Amino acid sequence: MAHERVRSGVALSEFALIERLRRRLAAARDDVALGIGDDAALLNVPPGQQLVACTDTMVEGVHFLPGAPPSDLGWKALAVNLSDLAAMGGAPAWALLALTLPNDDAGFIERFADGFGELAHRHGVALVGGDTTQGPLAVTVTALGLVPHARALPRAGARAGDAVFVTGTLGAGAGALTLVRRGQTPGPALAERMRRPVPRLAAGLALRGLASACIDVSDGLLADLGHICTASGVGAEVDADALPVLDALRAAFDADDCRSLALAGGDDYELCFTVPAERAGGVARAFAGLDVAATRIGRIVAGAGVRALDSSGALVKVPHPGWEHFQ
Ligand code: ADP
Ligand code: MG
């Protein structure tokens, strides 16, 4: 925006910053007719495909700790968006990046591009545009992907009797943050999950035509499975003792805290999905060639709301139900 150039310190180097990002992140793709450098990007959506679009903002002090390594920030800002694409069964293609920076720190940009680029290149994602402004550190990524017509995985398709699954493990990212807040240093396995969550893109693709509903777990399992239930007009029961967690989480927390982190911690970026019971056996086959497992953790029931039960069938109470802004 032109008035920023007159007023702000980013002013003089705004175009140099954009050029660095373009050089590092504007990966070649045949379907980018026009990328960074014009007023807007032109992207070719193949016939028979639908565009899947999502955006997520990360604000310093809200979504990441002040002083977090810029490369981790770059990775995570893209990862949380690719996780949303994964939850829709989308294949990622393009991204836009709105960066608000306190100053024109070239070192920050290079390290940010290291992390963003590492994940973007892994999935063939091209940066095709964005915006650069000066202000308190905040990163907004818009991710665009493709899914064949009518093959996406919306939240609204769960039915009573469906089995509920989750990919990977739960609670590690929130566990790492809890330790940091206590002034402790999380071990590498937990820290990695907080700094560099892995979007479950291959799992999302494998679930096309198999899952009846899907969501990514960002606010906590109970809250996010609750969104599936609300959208589908059903309820759910979760077997709290069947939740997959890392050994490192069990080692760092007692059993109750471990369970609470897995149920409600958030920042997991795993996929929670439902499958009609008669097709539940297909999940193991669908995940056979993937580098992540899926665990059956409960069932969809008639009614409303999500209840967590222990192995004796008793209701499990969770101290904090999930993350929500403006509360
Ligand atoms: P305009 O004033 O027309 O919005 P800008 O000066 O903001 O244009 O941006 C110029 C070009 O650089 C555009 O193609 C825009 O998409 C791209 N761009 C700006 N900031 C970023 C960024 N942080 N990451 C990627 N592309 C960017
Ligand atoms: Mg602009």
Side-chain angles (χ1 to χ4, degrees), residues 1-45 51-64 66-85 90-146 195-196 199 201:
M1 288 167 67
H3 61 89
E4 285 293 325
R5 266 167 229 137
V6 178
R7 205 177 59 214
S8 73
V10 173
L12 292 177
S13 53
E14 178 182 342
F15 295 108
L17 290 181
I18 296 170
E19 178 53 22
R20 277 173 195 248
L21 290 169
R22 193 194 61 75
R23 266 206 323 267
R24 297 284 309 276
L25 302 174
R29 283 184 66 104
D30 291 347
D31 50 15
V32 180
L34 196 53
I36 292 171
D38 214 303
D39 292 308
L42 286 176
L43 308 168
N44 298 330
V45 177
L51 189 63
V52 195
C54 63
T55 195
D56 248 316
T57 293
M58 291 178 45
V59 177
E60 185 175 53
V62 179
H63 302 93
F64 58 94
S71 57
D72 289 344
L73 201 53
W75 171 287
K76 193 163 177 177
L78 181 60
V80 300
N81 278 281
L82 297 188
S83 177
D84 281 322
L85 292 187
W94 313 295
L96 295 104
L97 170 64
L99 263 183
T100 304
L101 302 172
N103 54 56
D104 55 352
D105 181 347
F108 178 96
I109 288 291
E110 289 297 340
R111 284 176 293 144
F112 182 91
D114 287 341
F116 190 104
E118 196 178 331
L119 184 59
H121 295 150
R122 197 175 285 187
H123 297 290
V125 173
L127 186 68
V128 296
D131 197 22
T132 307
T133 54
Q134 190 179 33
L137 183 58
V139 185
T140 298
V141 171
T142 299
L144 302 169
L146 299 167
R195 297 186 309 114
R196 296 202 170 204
L201 287 155

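As the structure lists them, so they are numbered: ligands from 1, and atoms in each ligand from 1. Note that this is a predicted model, so its numbers are computed, not measured. Position 1 is the first residue of the sequence, and the numbers go up from there.
Side chains of Asp31 and Trp94 form a contact here, defined as non-hydrogen atoms less than 4.5 Å apart. Side-chain contact between Leu21 and Leu99 is present, with heavy atoms from C-beta onward closer than 4.5 Å.
With ligand atoms numbered from 1 in the order given, ligand 1 contributes 3 (O) to contacts under 4.0 Å with heavy atoms of Asp39. Residue Phe15 has at least one heavy-atom neighbour below 4.0 Å for each of these atoms of ligand 1: 6 (O). Listed by number with element, the atoms of ligand 1 under 4.0 Å from a non-hydrogen atom of Gly37 are 11 (C), 13 (C), 14 (O).
The structure places NZ of Lys76 at 14.0 Å from CG of Leu82, a figure rounded to the nearest 0.5 Å. Note that CG of Leu101 is 7.0 Å distant from CG of Leu17, once rounded to the nearest 0.5 Å.
Side-chain N/O atoms of Asp114 and Trp75 include no donor and acceptor closer than 3.5 Å.
Counting heavy atoms closer than 4.0 Å to ligand 1, residue Leu127 contributes side-chain atoms (C-beta onward) but none from N, CA, C or O. Using a 4.0 Å cut-off between heavy atoms, Ile36 contacts ligand 1 through both its backbone and its side chain. Contacts with ligand 1 closer than 4.0 Å are made by side-chain heavy atoms of Leu21 only, the backbone lying farther away.
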